[in-house]
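Taking it in order: structure first as structure tokens, then the write-up.
All chains are named by letter (A, B, ...) in the order of the sequence lines, taking the proteins before the strands, and each is independently numbered beginning at 1.
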Amino acid sequence: MLDLAFIREHPDAVRAALLHRNENPGRVDHILAQDARRRELLQEVEELRAERNRVSKEIPQLKDQAAREQRIAQMRQVGDRIAELEEQLRQVEAELEKAMLDMPNLPHPSVPVGPDETHNIVVREWGKLPEFNFEPVPHWELGPELGIIDFERGVKIAGSRFYVLRGAGARLQRALISWMLDVHTREHGYTEVYPPFIVKEECMWQAGQLPRLAENIYHDVEDDVWFIGTAEIPLTGLHHDEILDAEELPLRYVAYTACFRREKMSAGRDVRGIKRGHQFDKVEMYKITTPEDSYAELEAMVEDALDICRRLGVPHRLVQICTGDLGFHSSKTYDIEMWAPGCGEWLEVSSLSNCEAFQARRANIRYRPEPGAKPRFVHTLNGSGLALPRVMIAVLENYQQADGSIVVPEVLRDWMGGLEVIRGASG
RNA sequence: GGAGGGAUGGCCGAGUGGAUGAUGGCGACGGUCUUGAAAACCGUUGUGGCCGGAAGGUCACCGAGGGUUCGAAUCCCUCUCCCUCCGCCA
């Protein structure tokens, strides 16, 4: 959510930001109109409430019965008028809140302006694209061949976009999760968190998943609970309604979770392989910082994700997202992509964003700069560190051998029981 | 799933229709005293909205949402969460 006072004071800046995001700038005017109406009603209703409070204090002091009855009758009328105005106020506030919750975040000035993903900027690349003395094979062939990915049975159990990992495949994923968590906790200063994978609807609003992403979220209607599409959701809820001490900041969390997505908007796309499933695993980094520190912390988080890529020895690149491709809740986002030689494409393995106070306002997460000072909203940041199935793809396809086996990256071997080469499910 | 009990400020805990946010204690902060500290004593100590340059004014908030009333922490209804016991269970 944006700061209403900021919209009031800088409507042109907000309109410009909306244009850069391919959104209708007219919603600013709708919000300003609702806000003006709200304040008008609020003033009127509060004057009446003040009068009622005052007279209600006088009534028990009145000895004269007739005067007393007269005041009560007057206040009954005032009460009716208050009720009318309150109803109008409720409607205006509901409309205003709805409009505010549907406003995307403002892009940071450093974000390149552009209409869509073709205007994203490749900031830097690492590693040479591998050359093979054979034709590299996509993972959807490598996996079944080795008996470590079973697409047919995944579909049999759960339907399309599901798969089963098996043997060394399942273990490789578990090794990646454990290794990445260990690197982030031991070397990058994050605290490991294991959150719920299912949350209340309010968490979805707080993280900015609702209202826009409703179509893409699994929702259990019977208990009215929502399945998380990313650990960012429960991690945003973690400090909901809290006032943190300045000394606690920055908070740096890392969480492994499964993630669930309906992929309604991607119907028919990326249907081969494990790139885009309804369920996938992810290690997520999350930070809560002061407004002053958030951009330095974003750069540090990007480095933490790049460190994982580097150690895995997989070619990768850093991409800066332009305004037209920026997520609803983000002020600034970098993506990290790994090269997958088998399917011949760059795979998004991480998306790292500074949401500034956007989520903090929705979730009411504040901190006190110093004892006695007024609380301020924190900034929240999130970034994958990294998303599993795509890292699996990159590892399988980059480390494949002519005979169809996979060399286990050295950094993972301690987490794979010393296994050096995956030759089949039994490994 | 069944039965019962709860939810008040940073924490504990009073308060069942009308006084400066809503006793009191703890904690925290400031001060007096002291070489320093402790103790003692005194004081301060929630969040947000609106109006205002400011001083200040005003409203709301006692788990959430409705209702009754001139007036609700207090009475009524619905919901959520927590606790205890029983049942089931990884």
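Taking the P atoms as reference points, B/U68 lies 16 Å from B/C61, given to the whole Å. B/A64 and B/C51 have their P atoms separated by 26 Å, given to the nearest Å. Across B/G18 and B/A73, the matching C1' atoms stand 13 Å from one another, rounded to whole Å. Of the C1' atoms belonging to B/G17 and B/G67, the separation is 16 Å, rounded to the nearest Å. Using atom C1' as the reference point in both B/U23 and B/G9, the two lie 13 Å apart (nearest Å). B/U74 and B/G6 have their P atoms separated by 16 Å, given to the nearest Å. Atom P of B/U84 sits at a distance of 25 Å from the matching atom of B/U78, rounded to the whole Å. Only the C1' atoms considered, B/U47 is 28 Å distant from B/C42, to the nearest whole Å.
A 3.5 Å limit on both hydrogen-bonding distances identifies B/G63 as the Watson-Crick or G-U partner of B/C79. B/G56 is paired with B/C51 under the criterion used here, namely a Watson-Crick or G-U wobble arrangement in which both key atom distances are under 3.5 Å. Nucleotide B/G18 forms a pair with B/C70, judged by Watson-Crick or G-U wobble geometry with both contacts under 3.5 Å. Applying the Watson-Crick and G-U wobble criteria (two distances, each under 3.5 Å), B/C29 pairs with B/G43. Using N1 to N3 plus N6-O4 or O6-N4 for Watson-Crick, or N1-O2 and O6-N3 for G-U wobble, each under 3.5 Å, B/G36 pairs with nothing. In this structure, B/C89 makes no Watson-Crick or G-U wobble pair, since no nucleotide meets both defining distances under 3.5 angstrom.
Between A/Lys287 and A/Glu297, at least one side-chain nitrogen of the basic residue sits less than 4.0 Å from a carboxylate oxygen of the acidic one, meeting the salt-bridge criterion. With salt bridges taken as basic N to acidic carboxylate O contacts below 4.0 Å, one links A/Asp29 and A/Arg15.
Neither OP1 nor OP2 of B/U47 sits under 4.0 Å from any side-chain N or O of A/Asn364. Phosphate proximity of B/C59 to A/Asn53: present, with a side-chain N or O under 4.0 Å from OP1 or OP2. For A/Arg368, a side-chain nitrogen or oxygen approaches OP1 or OP2 of B/U47 to under 4.0 Å.
Here the P atom of nucleotide B/U78 and the CG atom of A/Asp224 are 20 Å apart, to the nearest Å. Counting to the nearest Å, the P atom of B/A60 and the CD atom of A/Glu47 are 14 Å from each other. Rounded to a whole Å, the CD1 atom of A/Ile243 is 15 Å from the C1' atom of B/A28. In this entry the distance linking CG of A/Leu89 with C1' of B/A60 reads 11 Å, nearest Å. Per the geometry, CD belonging to A/Gln65 stands 13 Å off C1' belonging to B/C70, to the nearest Å. Atoms CD (A/Glu86) and C1' (B/C59) sit 11 Å apart, rounded to a whole Å. The CG-P distance, from A/Leu85 to B/C59, rounds to 16 Å in whole Å. Between the CD1 atom of A/Ile72 and the P atom of B/G18 there is a distance of 15 Å, rounded to whole Å.
Side-chain atoms of A/Glu86 and A/Arg49, non-hydrogen and from C-beta on, do get closer than 4.5 Å to each other.
Remark: side-chain polar atoms of A/Asn398 are paired, donor with acceptor, to backbone N or O of A/Ala394 under 3.5 angstrom. Of the possible donor and acceptor atoms, one in the side chain of A/Thr185 sits under 3.5 Å from a partner among the backbone N and O of A/Asp182. No donor-acceptor distance shorter than 3.5 angstrom exists from the side chain of A/His188 to the backbone of A/Tyr190, with no hydrogens or angles considered.
Position along RNA chain B of the nearest nucleotide to A/Ala50 versus A/Lys57 favours A/Lys57 as the more 5'-ward residue.
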Review point. What do the steps show when you test A/Gln91 against A/Glu87 for side chain to side chain donor-acceptor pair (under 3.5 Å), and what is the final call?
Key: CA-CA 6 Å; A/Gln91 286 174 18; A/Glu87 177 53 31; 3.1 Å; yes
Review point. Does the pair A/Glu242 and A/Ile365 meet the rule for a side-chain contact (heavy atoms from CB on, under 4.5 Å), with working shown?
Key: CA-CA 5 Å; A/Glu242 291 184 22; A/Ile365 308 170; 5.5 Å; no
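In this structure, A/Arg366 reaches the sugar-phosphate backbone alone: every heavy-atom distance under 4.0 Å involves primed, P, OP1 or OP2 atoms, never a base.
The aromatic rings of A/Phe162 and A/His278 are tilted relative to each other, their planes meeting at an angle between 30° and 60°.
Contacts of residues 75-84 of chain A with RNA chain B (heavy atom under 4.0 Å): A/Met75, A/Arg76.
Screening A/Lys200, A/Gln359, A/Arg361, A/His240 for a side chain to side chain donor-acceptor pair (under 3.5 Å) involving A/Gln206 leaves a single residue, A/His240.
The minimum heavy-atom distance linking A/Thr333 with A/Ser353 is given by the pair OG1-OG, 2.7 Å.
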Between the protein and nucleotides 49-52 of chain B, which nitrogen or oxygen pairs come in under 3.5 angstrom?
| residue | atom | partner | partner atom | Å |
| --- | --- | --- | --- | --- |
| B/G49 | O3' | A/Arg38 | NH2 | 3.4 |
| B/G49 | O2' | A/Arg38 | NH2 | 2.8 |
| B/G49 | N2 | A/Glu46 | OE1 | 2.3 |
| B/G49 | N2 | A/Glu46 | OE2 | 2.5 |
| B/C50 | OP1 | A/Arg8 | NH2 | 3.1 |
| B/C51 | OP1 | A/Arg39 | NH1 | 2.8 |

